[in-house]
Amino acid sequence: MRIFDPHIHMTSRTTDDYEVMYAAGVRAVVEPAFWLGQPRTTVGSFVDYFDALLGWERFRATQFGIRHHATIALNPKEANDPRCTEVLDEIPRYLDKDGVVAVGEVGYDSMTPAEDEAFTRQLAMAIDAALPVMVHTPHRDKLVGTHRTLDVVRESGIAPGMVVVDHLNETNVALVKDAGAWMGFSVYPDTKMDEHRMVSILLEHGTDRVLVNSAADWGRSDPLKTLKTGRAMLAAGFTDDEVDKVLWRNPVEFYGQSGNLLLDPVPGFVEGEAPAASASFEGSSVLRGARV
């Protein structure tokens, strides 16, 4: 089973996660820029974060045989903090960098006027950069937020096929499907979707324009939820080809619209063999899995 996780926050994860992901078949990921839990107070902290996503984290992933890509944006939660909004002026230069495959996460958290402004501006940036967009639906009032999201997307003029609306569930999937956008599902313990509900949605709505992700981050989450969803699909009667479509070909099709995907195998890695830690980590506590 080959896996492309289209939404995972590897900055929050350990090298052990990279190792088990590779062993599970994960060969590519997309890491969206997001809220780190601790509020940022300056534009400079965003710039450092973006640089880390496109530099260090991309390098770190290759040490474990995984191709890393990123999306760049001011996230909805921090769009409400005037100390952060100046980063909108910095984002366009990052959209031209290697490894950037979309603008995101954008959208709504509390559906405020400040979020409206940030969302609209960043959709325009995506159009100018010819990049897809990853949209975050709010955790509260999700159905209302999805209606509002789709209205803003339509008003922006971006093609719906360039947009994935993420964190969907049974209440709003049909809205997004009917709008012609891609449907994103975070299979995440406790607060979002589990693999069995995900399979039920796939049985009802099919496998077209569906992206399944783990959204694993600093919270209680599981970077192997993509694998577990694939296994649940097989148990429910889906074919190997249908699993491959959902877990690999769909994210390749969506993010491939950026022209920035890099999916060739990382040199030095052999299929079926666990990767050895790189000598580039010599002197660090992660060399060959060592811990101090």
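Throughout, numbering of the chain's residues begins at 1 and tracks the sequence.
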*Asks:* Report the distance from atom CD of Glu115 to atom CG of Asn75, rounding to the nearest 0.5 Å.
*Replies:* 9.5 Å
*Asks:* May I ask you to test the Phe4-Leu247 pair for a side-chain heavy-atom distance under 4.5 Å?
*Replies:* no
*Asks:* Report yes if the side chains of Ile66 and Val266 come closer than 4.5 Å at any heavy-atom pair, otherwise no.
*Replies:* no
*Asks:* Distance-only criterion, 3.5 Å: show the donor-acceptor pairs between side-chain atoms of residues 258-265 and protein atoms not counting sequence neighbours.
*Replies:*
{"residue": "Ser258", "atom": "OG", "partner": "Tyr255", "partner atom": "O", "Å": "2.7"}
{"residue": "Ser258", "atom": "OG", "partner": "Asn260", "partner atom": "N", "Å": "3.0"}
{"residue": "Asn260", "atom": "ND2", "partner": "Val100", "partner atom": "O", "Å": "2.7"}
{"residue": "Asp264", "atom": "OD1", "partner": "Arg67", "partner atom": "NH2", "Å": "3.4"}
{"residue": "Asp264", "atom": "OD2", "partner": "Arg67", "partner atom": "NH2", "Å": "3.2"}

*Asks:* One thing to verify: whether Lys245 and Glu242 come together as a salt bridge, which I'm taking to mean a side-chain N less than 4.0 angstrom from a carboxylate O.
*Replies:* no
*Asks:* Quick one: CG on Asp241 to OG1 on Thr207, what's the gap to the nearest 0.5 Å?
*Replies:* 8.5 Å
*Asks:* What I want to check is whether the side chains of Asn213 and Asp166 have a donor and an acceptor closer together than 3.5 Å.
*Replies:* yes
*Asks:* If you look at every heavy atom in Pro6 and Leu211, which pair is closest and at what distance?
*Replies:* CG-CB, 4.1 Å
*Asks:* Tell me which pairs pass side chain to side chain donor-acceptor pair (under 3.5 Å) where either residue lies in residues 118-135, with sequence neighbours left out.
*Replies:* Asp89-Arg121
*Asks:* Would you please say whether a donor-acceptor pair under 3.5 Å links the side chains of Thr15 and Arg60?
*Replies:* no
*Asks:* Checking His68 side chain against Ala28 main chain: does a donor-acceptor pair fall under 3.5 Å?
*Replies:* no
*Asks:* Would you call the rings of Trp56 and Phe59 parallel, tilted or perpendicular if under 30° counts as parallel and over 60° as perpendicular?
*Replies:* tilted
*Asks:* Salt bridge check: are Asp151 and Arg154 linked by an N-O gap of less than 4.0 Å?
*Replies:* yes
*Asks:* Between Arg13 and Ser221, is any pair of side-chain heavy atoms under 4.5 Å apart?
*Replies:* yes
*Asks:* Among residues at least two apart in sequence or on other chains, which ones pass salt bridge (Lys or Arg N to Asp or Glu O under 4.0 Å) with Arg209?
*Replies:* none
*Asks:* For the residue pair Ala24 and Leu227, what are the closest heavy atoms and their distance?
*Replies:* CB-CD2, 3.7 Å
*Asks:* Should the pair Lys225-Asp5 be classified as a salt bridge under the 4.0 Å nitrogen-to-oxygen rule?
*Replies:* no
*Asks:* Would you say the side-chain atoms of Glu31 and His7 include a donor-acceptor pair closer than 3.5 Å?
*Replies:* no
*Asks:* Without hydrogens or angle criteria, can the side chains of His167 and Thr137 be said to hold a donor-acceptor pair below 3.5 Å?
*Replies:* no
*Asks:* Please say yes or no: joined through hydrophobic side-chain contacts below 4.5 Å, possibly via intermediate residues, are Val165 and Met193 part of one cluster?
*Replies:* yes
*Asks:* Quick one: does Gln38's side chain get under 4.5 Å of Leu36's, heavy atoms only?
*Replies:* no
*Asks:* Within a radius of less than 6.0 Å around CD of Glu170, do more than 12 heavy atoms belonging to other residues, nucleotides or ligands occur?
*Replies:* yes
*Asks:* Any luck finding a side-chain donor-acceptor pair between Tyr94 and Asp51 under 3.5 Å?
*Replies:* yes
*Asks:* By ring pair (Phe, Tyr, Trp, His ring centres under 6.0 Å), which residues pair with Phe254, not counting sequence neighbours?
*Replies:* Trp182
*Asks:* Students often mix this up, so state it plainly: with edges at 30° and 60°, are the rings of Phe34 and His9 parallel, tilted or perpendicular?
*Replies:* parallel
*Asks:* Answer yes if the side chains of Thr171 and Asn169 hold a donor-acceptor pair under 3.5 Å, and no otherwise.
*Replies:* yes
*Asks:* Treating Asn172 as the side-chain partner and Leu143 as the backbone partner, does any N or O pair qualify as donor plus acceptor under 3.5 Å?
*Replies:* no
*Asks:* In Å, rounded to the nearest 0.5 Å, how long is the span from CD1 of Ile201 to CG of Leu168?
*Replies:* 8.0 Å
*Asks:* Is any side-chain heavy atom of Glu90 closer than 4.5 Å to one of Phe50?
*Replies:* no
*Asks:* So do the side chains of Met183 and Val164 get within less than 4.5 Å of each other, counting heavy atoms only?
*Replies:* no
*Asks:* Please find the pair of heavy atoms, one from Glu105 and one from Pro32, that lie closest to each other, and give the distance.
*Replies:* CG-CB, 3.7 Å
*Asks:* Residues two or more places apart in sequence or in another chain: which of them pass salt bridge (Lys or Arg N to Asp or Glu O under 4.0 Å) with Asp81?
*Replies:* Arg83
*Asks:* Classify the ring geometry between Phe119 and Tyr108 as parallel (under 30°), tilted (30 to 60°) or perpendicular (over 60°).
*Replies:* perpendicular
*Asks:* If you round to the nearest 0.5 Å, how far is NZ of Lys77 from NE2 of His136?
*Replies:* 9.0 Å
*Asks:* How about Ser214 and Asp222: do any of their side-chain heavy atoms sit closer than 4.5 Å?
*Replies:* no
*Asks:* Once salt bridge (Lys or Arg N to Asp or Glu O under 4.0 Å) is applied, do any residues pair with Asp116, and if so which ones, sequence neighbours excluded?
*Replies:* Arg148
